[in-house]
There are 2 protein chains.
Amino acid sequence: MEARGTAEGDEAASSGAGGGRTLRRAALDRRTVLVEALRMIDADGVEALSMRRLGRALGRDPMRLYRFAASKDELLDGVVELVLADLQVPRAVDGADWDVVLRRCAHSFRAIALAHPHVVPLLVTRPLATPLGLRPIATLRPLEAIVDLLVGAGFDPKGALHGYRLFTGFLHGHVLNEVQEQVADPDETDDLLRLGLHRLPARDFPRLRALAHELAAYDGAAELDEGLDILVTGLRHQLSAGLRSGPAHREGGAGAS
Amino acid sequence: MEARGTAEGDEAASSGAGGGRTLRRAALDRRTVLVEALRMIDADGVEALSMRRLGRALGRDPMRLYRFAASKDELLDGVVELVLADLQVPRAVDGADWDVVLRRCAHSFRAIALAHPHVVPLLVTRPLATPLGLRPIATLRPLEAIVDLLVGAGFDPKGALHGYRLFTGFLHGHVLNEVQEQVADPDETDDLLRLGLHRLPARDFPRLRALAHELAAYDGAAELDEGLDILVTGLRHQLSAGLRSGPAHREGGAGAS
DNA sequence: GCGTAGCGTCTACGACGTAGATCTACACCG
DNA sequence: CGGTGTAGATCTACGTCGTAGACGCTACGC
């Protein structure tokens, strides 16, 4: 907490004198800043978020925001952290089968993505800007937890890392697919027109045009589950074939790779 | 082509009189603009690309660029098109097995991503901003081609679409993983320090810290192949189980799902 | 010669991220 | 009580951004 009790009292006093502010001038803290930033992103998209606009929304000078984030980039990292705080991180101690836990995590991530579609680009691209070890600690929790889960399931550490990469790669790709499933004209009843597919030359895109109905009937949860089926089956196969097993679980099938 | 012969002559003449420009003032065209934009993105990242900077690099007033892209967003879409023009689109007529063709396409996409790491965020996020049918036509070619390939392999249209989504979802996720595999300190020999993992509390991230060597020894091509193995195996299973078969190929195993 | 298209130049607007100076209010201490 | 330090507000400012629009010039077609 940056504010102190007395400063808080002062804020309340000057709020009364200042007047006209719809947002009560309570002491500002990092979380309040991030929550408002997230609200604005959810409402208008990332591009519409500026420090000036955020400052105005919070009833503060934009320069004040730099007390809570050293730069706009760091603010965006904070928003990612805020959103990922709701991610149901897999716990190896749950007693559930590892694939059940992974599925739960996947659906939790999907729910977050659907709740905050405008944040998805941030979720997938912020990591590109920062080396692993320099990222906000909270965003590394899922990695640690998933690796821990998979090691507990019998994968060796390398195999667990491989499983993590497969899982997150697939998951990120899936939510990117799902979030982009928007329509050109929501009020249109004809699938071809709704999706804007009528623009495409029939000669060049016969398949795509013929898939209008299927495209419009997208079921993200089902797609996710089916993808996870394939992923889990593949990982299971690797585990039972001894390709990715850890020392504690190498009790059967020492098959050559 | 926007320029005409006579305008070209005029350009050459004023180039001689203008002086000082390292870039010869040939007639400007869309491709030249996009190629330069791509070069700048590759060199300095997307954020460093502005219309003013691009105009300067081309020896043109930035307002001139609007002749070739209606907005900066459209310019970025054009860069994506330019980059994807190099993608080896799967051809169903190749005679090769469908999974071989998919693998080839995946590696082609990966090569593109590695050649233009700064463009990867654009590759994965631009589609979020535009409904499918309104996207640049060239960026829809892979979809049409992959669906065509899978239908030719025996999937029904819906199953082919499902396979396309799985494939691209996984592929996008993979390249996002791979492009983010950067190090905090390239000159450091100790893996823990190279990746900046020493910053992480050992108590909270024992797995992650223990994986420094594996993290540093990332082999993207191998990861991609292993992921594709799993994906192809899963899709094959669906096909042979009759879950996703098209009418022309339903000659075996009418198994219940 | 006239009209028009293409192009260059320039001004301008609203906006951006953020540096830094100055001022105010309040808490704390001697 | 007075002085000092700190948090926060306010303000100016800089360089930069995307892009609108006015104006002028040149070349070409009719």
Side-chain angles (χ1 to χ4, degrees), chain A residues 1-21 23-30 32-33 37 40-41 44-78 129, chain B residues 1-21 23-30 32-33 37 40-41 44-78 129:
Chain A
M1 288 297 141
E2 303 284 353
R4 294 180 193 149
T6 51
E8 204 160 305
D10 178 53
E11 295 283 359
S14 45
S15 169
R21 280 285 161 204
L23 198 65
R24 187 120 194 123
R25 299 252 322 222
L28 195 58
D29 62 11
R30 181 172 160 91
T32 302
V33 172
M40 289 175 72
I41 291 171
D44 303 311
V46 177
E47 299 303 316
L49 175 72
S50 72
M51 303 305 268
R52 285 173 162 90
R53 291 169 58 87
L54 180 56
R56 267 200 302 274
L58 290 167
R60 296 293 198 279
D61 188 88
M63 297 308 298
R64 176 73 175 134
L65 304 179
Y66 291 93
R67 185 61 190 267
F68 305 107
S71 66
K72 189 178 174 186
D73 268 355
E74 190 178 306
L75 180 80
L76 294 177
D77 281 338
Chain B
M1 288 295 142
E2 302 284 351
R4 295 184 191 145
T6 52
E8 205 161 305
D10 177 59
E11 295 285 359
S14 45
S15 167
R21 280 283 162 207
L23 197 65
R24 188 118 195 126
R25 302 252 319 224
L28 194 58
D29 61 11
R30 180 171 161 90
T32 303
V33 172
M40 288 173 73
I41 292 171
D44 303 311
V46 177
E47 300 303 318
L49 174 72
S50 72
M51 304 305 268
R52 285 173 161 93
R53 290 167 58 89
L54 179 57
R56 266 196 304 273
L58 290 166
R60 297 292 200 280
D61 188 88
M63 296 309 298
R64 178 73 176 131
L65 304 179
Y66 292 92
R67 186 59 190 267
F68 305 107
S71 66
K72 188 178 174 185
D73 268 355
E74 190 177 307
L75 179 80
L76 294 177
D77 281 338

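A, B, ... follow the sequence lines: proteins, then strands. Residue 1 opens every chain.
Here the side chains of A/Arg53 and A/Asp44 are in contact, with some heavy-atom distance below 4.5 Å.
Under the 3.5 Å distance criterion, the side-chain polar atoms of A/Arg64 are left unmatched by any main-chain donor or acceptor of A/Gly55. A donor-acceptor pair is defined here as one N or O able to donate and one able to accept, closer than 3.5 Å; no such pair exists between the side chain of B/Arg60 and the backbone of B/Leu65.
Here the closest non-hydrogen pair linking B/Val33 and B/Phe68 is CG2-CD1, 3.8 Å. A/Ala37 approaches A/Leu75 most closely through the heavy-atom pair CB-CD2, 4.5 Å. Taking every heavy atom of both residues into account, B/Tyr66 and B/Met51 meet most closely at OH-CG, 3.3 Å. The minimum heavy-atom distance between A/Glu74 and A/Ala69, with the atom names listed, is OE2-CA, 3.8 Å. Here the closest heavy-atom approach between residue B/Arg30 and residue B/Gly78 is recorded as NH2-CA, 3.7 Å.
For the pair B/Arg64 CZ and C/dG6 C1', the interatomic distance rounds to 6 Å; values are reported in whole Å. The interatomic distance linking A/Arg67 (CZ) with D/dT10 (C1') rounds to 17 Å, in whole Å. Summarising the geometry, the separation between CG on A/Leu65 and P on D/dA7 is reported as 17 Å, rounded to the nearest angstrom. Atoms CD (A/Glu74) and C1' (C/dT18) sit 14 Å apart, rounded to a whole Å. One can place CG of A/Leu54 at 12 Å from P of C/dT18, the figure rounded to the nearest angstrom.
Dashed line: the shortest gap from a side-chain N or O of A/Arg60 to OP1 or OP2 of D/dA9 is under 4.0 Å.
Axis deviation across the helix from C/dG1-D/dC30 to C/dG30-D/dC1 amounts to 10°, comparing end segments of five pairs, rounded to 10 degrees.
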Protein-proximity profile, nucleotides 13-23 of chain D, B/S/- by nucleotide at the 4.0 Å heavy-atom cutoff, equals B---BBBBB--
